[in-house]
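All residue numbers in this chain count up from 1 along the given sequence. Remember, it's 1-based here, ligands and their atoms both numbered in the order they're listed. Bear in mind that the values here come from a model prediction, so they are computed numbers and not experimental data.
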Amino acid sequence: MTGVKEVFEPLQPGHAGMYTCGPTVWNFAHVGNLRAFLFYDLLRRQLRASGFSVTHVMNLTDIDDRILDQAMHAGSTITEYVKPFVVAFFEDMQALRAQPAEVYPRATEHIPEMLAMIATLLDRGFAYAAEGDVYFRIDRFPRYGALSHLDRAGLRAGARVAADRYDKESVSDFALWKKAQPGDENLGAAWDAPFGHGRPGWHIECSAMSKRYLGETLDIHCGGVDLLFPHHENEIAQSEAANGKPFVRVWLHSEFLSDATGEKMSKSAGGFTTLRDLVAAGHDPLAVRFFLIANAHYRQRIRLSAEALHASAEQVRRLRDFADRVRRLDPASGEDQVLMARVAQVRAGYREALEDDLNLPQGVGLVFELVREANAALDEGNVGEAGRRALLDLIEEVDAHLDVMGGEEPGLAEEVQRLIAEREAARSARDFARADRIRAELREKGIALEDSRDGVRWRRVATERTE
Ligand SMILES: [Zn+2]
């Protein structure tokens, strides 16, 4: 709202209540949506790392114009139509390692809360009925436009827009309730209300559901920058007019993801990429995760490309390889003062970056510098137990945000050790063909062997690209 960074102070000390606009489940989420969802996840993780308990609420919009259209074409009800997309949303979140929110309220399950808020707005003169619809009267709310710094001169009193989504140009009274159309009943998309049979507009759900789960004033509200106007502006107007209290203490918005041509990715515009598309093209969901949260600050635009995803995959591989190497380390008896001082310095810089408006890219840059230095120390074989512990602690702290270095695949180390032993046995028996086959088999799994004075070491390497 102020447009500047501020120190976060919640209403209740030690607790952060956070409402984040979730998916409209009319289709699969595209990567631009996923960027916003992973930004919510990063914020949630940082709040927890800073010692807050978090109540995170993320709505599922399971009724809007597009869902009605699609359900009608599919000859089903809206409830049936959205089911596979709800399942897909949770699958995507899990594949991308987003921590689950505490509550995922659905619009269609909170109609009574919406009816109550609309009734209050009518009572207080902030809303009016017209031809079976109910509209919010924006000229009754002088703060309208404060979040998006809208020029109120362009505001047309009394002009009405019933569509769930509309352009920046049309600053107009917006629908709180929409009169049932013929066919809505069969779609399961019409409810009884004192102001007529119909269904809620898109914006009222977030005001009603955030109040239900987080109260009248929220600590934090997030969304993609495309929701700033009109959606969040409308949420503020509805909530503050109905409750007579400030709605949100801190707003955060994540920037667009553009496709390879530089256009904003949007489902409505047709050309969009889903996580499924990327996985089918051979990309690892963890590389997608890293690309979306660690490649650029959340307030910078980023462009999706195969090159950028390959670069992220390589960064994830280097981090995982390093973490595995430290975990497996057989410590030397050396002095670790220099290494430990560097780890402390990087940890301090990393924390400072994350505490400064979630600057994960800067924090990760520091970590990569340390990875280079520590790998060199590991190559020299002079990292002791104290150094190993310090590195493991830092890995854990960084992975609380990134979540890409977590343990190896179960059983991998045992499997690799077994194959290394078999290869050694084959070499002793001078069966070099067999030894080479085992080495090639490991290479296909992304494991490279290095013969050293102290025996055979292994590390993770990039697998061959298949596309
Ligand atoms: Zn919302």
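Separation of the Trp177 and Phe195 ring centroids falls under the 6.0 Å cut-off. You'll find the ring centres of Phe90 and Tyr104 inside the 6.0 Å limit.
Remark: Arg97 engages Asp403 in a salt bridge (Lys or Arg N to Asp or Glu O under 4.0 Å) (not counting sequence neighbours). Legend: residues meeting salt bridge (Lys or Arg N to Asp or Glu O under 4.0 Å) with Asp356, ordered by chain and number and at least two apart, are Lys5. Take Arg140 and apply the salt bridge (Lys or Arg N to Asp or Glu O under 4.0 Å) test, not counting sequence neighbours, and it matches no residue.
Protein atoms that are N, O or S and lie under 2.8 Å from the Zn ion (ligand 1) are these: Cys21 SG, Cys206 SG, His231 NE2, Glu235 OE2.
The one candidate from Asp65, Asp192, Asp133 that meets the salt bridge (Lys or Arg N to Asp or Glu O under 4.0 Å) condition with Arg199 is Asp65.
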